[in-house]
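Ligands are counted one by one from 1 in listed order, and the atoms in each one are counted from 1 as well.
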Amino acid sequence: MRDLAEPYFDVWRLDRDSMIDHIEYMYHDLGVVRAWKIPRSTLRMFLLGVRERYQDNPYHNFKHCFCVTQMAYSIICKLRLRNKVSVDHLGALLTAAVCHDVDHPGLNNSYHCHARTPLAILYNYKSILEQHHFAVACRILSNKERNIFRNVNNRDEVLTNVGDLILATDLARHKDVMETYRCNIDTGFDFKNNSHVLSLLKIIIKCADVSNEVRPETVASPWVDRLFAEYSEQSAREKRERLPVTTYMDPDLVNVPESQEGFIRGIMLPMYDELCRLATDARVYFVSPLHEALLRYEIQNMRERVMKTFQFSSRI
Ligand SMILES: Nc1nc2c(ncn2[C@@H]2O[C@H](COP(=O)(O)O)[C@@H](O)[C@H]2O)c(=O)[nH]1
Ligand SMILES: [Zn+2]
């Protein structure tokens, strides 16, 4: 499992079965298998059940699930959290990361709202996909052979935490999740305080969920292409169905490097900055690569602006 704890881990070199092996390893390494007394076949059956339910979308697929789980694991390791956070919390985090986009249809919450889909109606137009991912996870866990919580004493609490962590990945909740965590850090983070720890786990899963640009350019770049390919499919569908078109997804309107610059500056850097206040030496692993990516996009955007100005002035 070489480099598994490194943010630069090359996720593209793993096939579908190796990803399962690597996730199994994380459950073992963080002591979850032992603490929860998970039979070997149960963990495997659970992971295979989850993998089966990930759809084959360009972006929201099982490899994205793997990436998010691996980055959450990397954050745990690099911030040296494994002895500060309980094993139940670590297990809830891994499980939430594994399940956080299960059965994602490749269309976001805004599409579901505008199209008034059955899922939107079922979940009352609130965190539609995230509630669905948690419901699918519960369905998988309801199978005795796949229930990794079977021998856990406080399984209701663990399952509630898994649900809360999946819901925290809804970007509509971003401001609230950030404010709660920031306030806990400002007033003195307390690892013995359950709500402080939960606020940290929410930031970890959120950081991991949007972590592509923390990875080296060769690993990140195919993810960016895939994200915008999925966006493009959604915007084509919105046009076909005469729904409001999400402008940042429309390939005729979007400028990918500008969008990435905005995403790094507006979402990623503030969140990773807050995360690393708990262990400033971890900035080198997570914040420095983001500044490198930001610089790359800034140069690219500046070049494009110069080219446009040049083309414009040579026409007049
Ligand atoms: N413009 C970009 N948006 C990104 C990037 N990485 C993630 N995202 C957005 O965040 C959500 C994450 O939630 P998920 O649970 O759906 O994965 C994702 O859908 C994107 O909208 C990025 O690099 N650039
Ligand atoms: Zn995700």
*Would you say His64 and ligand 1 have an N/O pair spaced under 3.5 Å apart?*
yes
_Checking one value in my table: which N/O/S atom of Asp209 lies closest to the Zn ion (ligand 2)?_
OD1
_I'd like to check the side chain to side chain donor-acceptor pair (under 3.5 Å) partners of Asn83; sequence neighbours left out, ordered by chain and number._
none
*With heavy atoms only and a cut-off of under 4.0 Å, state how Leu227 meets ligand 1: side chain, backbone, both or neither.*
side chain
_Do Asp88 and Asn154 make a side-chain contact, defined as non-hydrogen atoms from C-beta onward lying under 4.5 Å apart?_
yes
*Taking heavy atoms and a distance under 4.0 Å, where does Asp101 meet ligand 1: side chain, backbone, both or neither?*
side chain
*asked:* Quick check on the Zn ion (ligand 2): does His104 put an N/O/S atom closer than 2.8 Å to it?
replied: no
_In this structure, does ligand 1 have an atom that sits under 4.0 Å from one of the heavy atoms of His60?_
yes
*Could you tell me the separation between the OH atom of Tyr123 and the CD atom of Gln131, rounded to the nearest 0.5 Å?*
6.5 Å
*Which residues share a salt bridge (Lys or Arg N to Asp or Glu O under 4.0 Å) with Glu230, sequence neighbours left out*: none
*Of the side chain and backbone of Val224, name the one, both, or neither that has a heavy atom under 4.0 Å from an atom of ligand 1.*
neither
*Under 3.5 Å, is there a donor-acceptor pair between the side chain of Arg215 and the main chain of Ala220?*
no
_When you compare ligand 1 with His104, is there at least one nitrogen or oxygen pair between them that comes in under 3.5 angstrom?_
no
*What N, O or S atom of Asp101 is found closest to the Zn ion (ligand 2)?*
OD2
*When rounded to the nearest 0.5 angstrom, what distance separates CG in Asp164 from CG in Leu198?*
7.0 Å
